[in-house]
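Taking it in order: structure first as structure tokens, then the write-up.
All of these numbers come straight from a predicted model, not from anything done at the bench. Here is the naming used below: chain letters follow the sequence lines, and residue numbers restart at 1 for every chain.
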Amino acid sequence: MRALAILSGRSHPLLAESIADRLGVSVGEVRLMKFANRETSVEIKQDVRGKDVFIIQSGGVGNVNDHLIDMLIIIHACKIASARRIVAVIPFFPYSRQADIPYSTASPVVSAITAPMCGSMVGGRAIPPGEMAPTSRRVREQWQARPGTLVANMLTAAGVDHIITMDLHDAQFQGFFDIPVDNLLAQPLMLRYIRQCIPDYENAVIVSPDSGGAKRAIVIAERLGLDFGLVHKERRAPGSPVNDTTFVGDVNGRPAIIIDDIVDTGTTLLQAATVLRRQGATRVVALVTHAVLAGDTAALIGSSTHLDELIVSTSVPLPKEKIEASRNKIRQFDVAYIFAEAIRRIHNGESVSYLFEEHWR
Amino acid sequence: MSESSAMDNSIKLFAGNSHPELAKQVARRLGIALSQVKVCKLPNQETSVTLEESVRDEDVFILQSGCGEINDHLMELLILINACKTASARRVTAVVPCFPYARQDKKDKSRAPITAKLVANMLIVAGADHVITMDLHASQIQGFFDIPVDNLYAEPAAIRWIRSNLDVANCVIVSPDAGGAKRATSIADKLDVEFALIHKERKKANEVSKMVLVGNVSGKIAVLVDDMADTCGTLIMAADTLLESGARKVYALVTHGIFSGNAVEKLAKSRLEAVVASNTIPHSEKQLECFPDATEDNPHPESKIRTIDVSSVLAEAIRRTHNGESVSFLFANDVS
């Protein structure tokens, strides 16, 4: 293929190589370093003038902010080096889920700055005696930043022309961009995995671990002609951690297959597995697209007596240590060829929607 | 306070995690409390920002310096700006005492990024209406923005430090490279002292090969003036060159004391008398590690890193910006 360059950040070199391999090209050399003062330095060794440049960088691994800034700098460098078109290939999109992230208040705070709350001056205004400072009683909800739009705008401002990603947490996220976004689906690959690798799947129940993912799971249930169930988390107070779960559906004496898009701290998944077991499920298998597996989540999955297996895609790198920590409960299905095919089609101006079908290959 | 002034919008000062100390000092000088915000990292390494108070129709200032884990701090700043903007702040001003990536400001090689321009674009898309910064590596970076940028100077504070700590009549101001000649001559003119320049031949970034002194420093106190001290290789080598040329003592005066890598260790061993840096970047911990060896004459030596406080300049710039007063007064006048 002519006039095509595949570049990679530091987040997922393995996937980049695999994609380049399938396209019959090699990954262009990019030297990414940090200067002594912790600024990122980018040197693109490959010529990009007049080329279609595809930059592969995933979220959910290592220092997300470093990877994001690295990618922005590479995009910008390619833009001012006269690349014809710049496509960001972001298998797992960072900051796409923060709005409803379940652990916003319960999570351990790595670092936080809080100013002294009391004092007679608040926001430059003197508080008359007798009146409480507005901050000392809760007059309003907290304003949780939602950086999804910001990240979208940053990519566009850096000079990206097109985005390829996979299983966005909210499909609406595509609307945050003013440029084309191809949201590939892991669903055809999940369907194939279930058919080929899960024995007795005909008898199983497809389960969504929360109401937000119901649609995603129902599509798979319909395609396979299986029953569907839903685990519902009740949140008693806004922002409080998950404190009660109920199950809708019938899983008694049958295997359960949980479908979700992200496994992060694994709380939702393990809780769902527990509920399913309590409801009499014989076996619980989870198929999840993006394996963030923050902290010691892999070990938690390994020690769970309720979750039997977790199958994730290669959208986020899965180090050997995590597989070992999970006692080999985690397995992967490869998404490199779906990305490679999308890149090939975008480069050649062919339709990408064909990739959304189940038996495209 | 009258009824009408309570209707006016007020200053809200937020800070990220880069320099809490400076934020507190600026807030104190403005006579306000820092606004409540939670800036943290989630287990998945994404930055999370929660504004704990309303900013609707307020004049918001966000203080974050480009230091430490620069990318994390930059993301914090961008998310903070965006959060305030989407929470209907009337105006959002980014106060960035040390502008990150300021040295990557030109396409000096094939396919090199102009990251300073990228950062400017990022600040604008995040929603910044105004930027306040200090001693930009190249003042042309202001042109990367389509919004107002106030580039403050640490110069008045530096001049005050020289006047109150050194024998001005015996000083000679030295620029450690040709690029900083303008900055150094400006100080030399204001102090009415001699000026010298060191010309260096650079082979690789962060590595200096050969130095040539232009000017006379014999028997004088040489004061090296630069915008930043990073790995300090240049400053230490310049100090050696100056001492070999007959200077009595050598001080270095910088705005941004980054002191990265093993700079602290190198400084402690160097022949530099002291590096005087402003507090645009926190260096109090490094200060405690940077002592010269004790001698008989001086059994308890002072740290080689000294601090000039610029919080008053930043606070005054914020106050003036908020009130719609001229900021250019601060360029030439010492406000502390």
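Taking chain B as the reference chain and counting heavy-atom pairs below 4.5 Å, the highest number among A/Arg49, A/Lys79, A/Gln46 is found for A/Gln46. Listed options B/Pro100, B/Gly68, B/Ala263 were ranked by heavy-atom pairs under 4.5 angstrom with chain A; first place goes to B/Gly68. Listed options A/Thr40, A/Asn63, A/Leu72, A/Val292 were ranked by heavy-atom pairs under 4.5 angstrom with chain B; first place goes to A/Thr40. The candidate from A/Asp47, A/Val48, A/Thr149, A/Ile75 with the greatest count of non-hydrogen atom pairs under 4.5 Å with chain B is A/Asp47. Each of A/Gly62, A/Gly60, A/Cys78 has some count of heavy-atom pairs under 4.5 Å with chain B, and the biggest count is that of A/Gly62. Your options are A/Val151, A/Asn153, A/Leu293, A/Leu150, and the one with the most heavy-atom pairs under 4.5 Å with chain B is A/Leu150.
A salt bridge does not link A/Arg97 to A/Asp261: none of the charged side-chain nitrogens sits closer than 4.0 Å to a carboxylate oxygen. Contact check on B/Glu325 versus B/Arg319 returns a salt bridge, with a Lys/Arg side-chain nitrogen under 4.0 Å from an Asp/Glu carboxylate oxygen. Salt-bridge annotation for B/Asp59 and B/Arg90: absent, with no side-chain N of the basic residue lying under 4.0 Å from a carboxylate O of the acidic one.
Aromatic ring orientation, B/Phe61 versus B/His322: perpendicular (interplanar angle above 60°, classes split at 30° and 60°).
Using a 4.5 Å cut-off on side-chain heavy atoms (C-beta onward), A/Ile163 and A/Phe93 make contact. Side-chain atoms of A/Val64 and B/Met75, non-hydrogen and from C-beta on, never get closer than 4.5 Å to each other.
Residue contact with chain B, scored on non-hydrogen atoms closer than 4.5 Å, involves the side chain of A/Lys34 exclusively. Heavy-atom distances place no part of A/Val61 under 4.5 Å from chain B, backbone and side chain included. Of the two parts of B/Lys85, neither the backbone nor the side chain holds a non-hydrogen atom closer than 4.5 Å to a non-hydrogen atom of chain A. Using a 4.5 Å cut-off between heavy atoms, B/Ile258 contacts chain A through its side chain alone, with no backbone atom that close. Only the side chain of A/Leu68 comes within contact range of chain B, judged by heavy atoms closer than 4.5 Å. Contacts of A/Val42 with chain B are made by both backbone and side-chain atoms, with heavy-atom separations under 4.5 Å. A/Glu43 touches chain B through its side chain: at least one heavy atom from C-beta onward sits under 4.5 Å away, while N, CA, C and O do not. Of the two parts of B/Asp72, the backbone and the side chain both hold a non-hydrogen atom closer than 4.5 Å to a non-hydrogen atom of chain A.
Nearest heavy-atom pair, B/Pro97 versus B/His256, reported as atom, atom and distance to 0.1 Å: O-CE1, 3.2 Å. Of all the heavy atoms in B/His73 and B/Cys67, the pair that sits closest is ND1-O, 2.7 Å.
Using modelled atom types, one finds no donor on one side chain facing an acceptor on the other under 3.5 Å when comparing A/Thr268 with A/Asp260.
Checking each of A/Asp70, A/Ile74, A/Ile90 against A/Gln57 for a side chain to side chain contact (heavy atoms under 4.5 Å, CB included) leaves exactly one that passes, namely A/Asp70.
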Worksheet item: Stepwise, does the salt bridge (Lys or Arg N to Asp or Glu O under 4.0 Å) test hold for B/Lys286 with B/Glu289?
Response: CA-CA 5 Å; B/Lys286 286 172 178 157; B/Glu289 292 164 10; over 6 Å; no

Worksheet item: So B/Leu314 and B/Gln25, side-chain contact (heavy atoms from CB on, under 4.5 Å) or not? Walk me through it.
Response: CA-CA 10 Å; B/Leu314 293 168; B/Gln25 281 170 312; over 6 Å; no

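Interface with chain A: from residues 111-122 of chain B, residues B/Arg111, B/Ala112, B/Pro113, B/Ile114, B/Thr115, B/Lys117, B/Leu118, B/Asn121, B/Met122 qualify, criterion being any non-hydrogen pair under 4.5 Å.
Shown here is A/Asp178, whose CG atom has no more than 12 heavy atoms of other residues, nucleotides or ligands within 6.0 Å.
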